Amino acid sequence: MAANSIIQNVYETVQKRNHGETEFLQAVKEVLDSLGPVIEKHPEYVDAKILDRIVEPERQIMFRVPWQDDKGNVHVNRGFRFEFNSALGPYKGGLRFHPTVCASILKFLGFEQVFKNSLTTLPMGGGKGGCDFDPKGKSDNEVMRFCQSFMTELSRHIGPDTDVPAGDIGVGGREIGFMFGQYKRIKNEFTGILTGKGLSWGGSLIRPEATGYGSVYFAQEMLKANNDTFEGKVCTVSGSGNVAQYTVQKLNELGAKAVSLSDSAGSIYDPDGVDAERLAFVLELKNVKRGRIKEYADKFGVEYRDGKRPWDIKCDCAFPSATQNEIDGNDAKTLIANGCTVVSEGANMPSTPEAVEQFVAKKTLYGPGKAANAGGVAVSGLEMSQNSQRLSWTSEAVDQKLQDIMAAIHQQCFDAAEEYGVPGNYVAGANIAGFVKVADAMLDQGLV
Ligand code: NDP
Ligand code: 2IT
């Protein structure tokens, strides 16, 4: 059978089995669409039904999370963990707490994570979990009680050699702390079952910075391959959480200027750039006060764009760092028309298929999330190594490893794109390089 028909058959089965799960189907289609040339060259993948197996999570866990608010009212949320693929190592991937969390979103994230983790060069399988809990507007005590209830069930399924979750949207240092404490209490074990931990209790230096820094390092590699640098580049950034904050910090260090930030209510445009002092305000606003980005516009007298994303602001480079499908086809056209030539995805799947099509067609230096934002999980992998050794490395050492890993990821994507006849196409390059390593490990390990 021709490669296209094989891929089409696999995709139709995924559609039938995962009816209505639009985000998951979107992520699967994007990867499968890159794999035609790979399965033509490797009929052994087809015989062993690697495609059919890789799109099906190894295990799916879904559970009730009851908790009590400060007034004594009882709430019930739905918790999940999708253990997607363990061919390369223990399941590894974040936990997302957001009201939109559902099977489709976590399966798209878990699926992407498999290939992302493969690209990091570190021994990690892929998984993702979370809950439809909304941390916004909750007191610290409410978040703690929720996290304790969530971990009470999750603790049955994870372990330092089994599955190691971390943060994602709505899960930062505070939530990781509450969950780590509860795991320790239940199991009476101080082990590295989560990454993104506090520095004094097993965390790694540079883990908070890693995703944002990594996304900028990836863009720097794409620029370098085109004999260019960040010096003087105007950059738009979306989001104002963990990834966006450290993207801005690294852009400033490298001589670029970040002119926007956003949250789910709107965006700010600061033509002079979010400098170190203004960024410190954002960290306090978002990580401590848990306020809205509009307060930045009020404080510094810059434009607040209610309900608007940053993509109509003229820029050289764009760093989507908020959420999935935040750049649609029209946004991509606007970015390109305004002279944007670099897009590095700090978020997971922030570009719709129509946007990706634009970037690829117009030869934008477009780093897809599974490559560009892999720095976060890569440093999580380094945190696991440090936990196993019971040692901590300096920030310089971790940052150097992060830079080396991002350069290696860029090289793998670049080389795979060349090898399979689509030079410069980082989407195909990332999908192919990420896939081949997992597929070979699955072949080696037999029919499991
Ligand atoms: P945070 O929770 O720290 O911040 C998320 C930011 O995105 C907030 O500004 C939030 O605004 C905004 N946002 C969330 N949902 C929406 C939405 N539906 N529409 C508009 N804005 C939204 O999360 P992170 O910074 O950790 O994660 C951001 C992205 O990066 C996600 O796609 C995540 O999967 C990805 N990522 C994160 C990694 C990590 O290590 N943390 C690693 C790799 C990828 P508001 O506060 O209003 O909700
Ligand atoms: O999407 C991601 O890669 C993350 N949220 C980080 C996962 C991790 O295990 O550090």
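No hydrogens, no waters, no symmetry mates; every other heavy atom, side chains included, goes into these values. In listed order, ligands and their atoms are each counted from 1. Quantities reported herein were computed from a predicted structural model and do not represent experimental measurements.
Residue-to-ligand polar distances keep Ala166 apart from ligand 2: every N/O pair is separated by 3.5 Å or more. Geometrically, ligand 1 and Asn242 share a nitrogen or oxygen pair separated by less than 3.5 Å. Checked by distance only, ligand 1 and Lys136 come closer than 3.5 Å through their nitrogen or oxygen atoms.
Of the protein's heavy atoms, Gly94 N, 3.5 Å lies nearest to atom 7 (C) of ligand 2. In terms of protein heavy-atom proximity, atom 33 (C) of ligand 1 is closest to Asp168 OD1, 3.2 Å. In terms of protein heavy-atom proximity, atom 10 (O) of ligand 2 is nearest to Ser380 OG, 2.5 Å. Nearest protein neighbour of atom 12 (C) of ligand 1, counting heavy atoms only, is Ala322 CB, 3.9 Å.
Every heavy atom of Glu112 sits 4.0 Å or more from the atoms of ligand 2.
Close contacts between ligand 2 and Gly93 involve ligand atoms 7 (C), 9 (O) [criterion: under 4.0 Å to a heavy atom]. Listed by number with element, the atoms of ligand 2 under 4.0 Å from a non-hydrogen atom of Gly167 are 4 (C), 5 (N), 6 (C).
Contacts between Lys370 and ligand 2 below 4.0 angstrom, taking non-hydrogen atoms only, are absent altogether.
Phe281 has its ring centre less than 6.0 Å from the ring centre of Phe300. Taking the six-membered ring for Trp and the full ring otherwise, Trp201 and Phe190 have centroids separated by 6.0 Å or more.
Remark: of the listed residues Leu194, Ile61, Leu95, Leu95 is the sole one forming a side-chain contact (heavy atoms from CB on, under 4.5 Å) with Leu154. Shown are Phe150, Trp67, Phe146, Phe133; of these, the ring pair (Phe, Tyr, Trp, His ring centres under 6.0 Å) with His75 is made only by Trp67.
Ion pair Arg305/Asp312 flagged as a salt bridge, since at least one NZ, NE, NH1 or NH2 atom sits closer than 4.0 Å to an Asp/Glu carboxylate oxygen.
Residue-environment remark: CZ (Phe414) stays at or below the threshold of 12 foreign heavy atoms within 6.0 Å.
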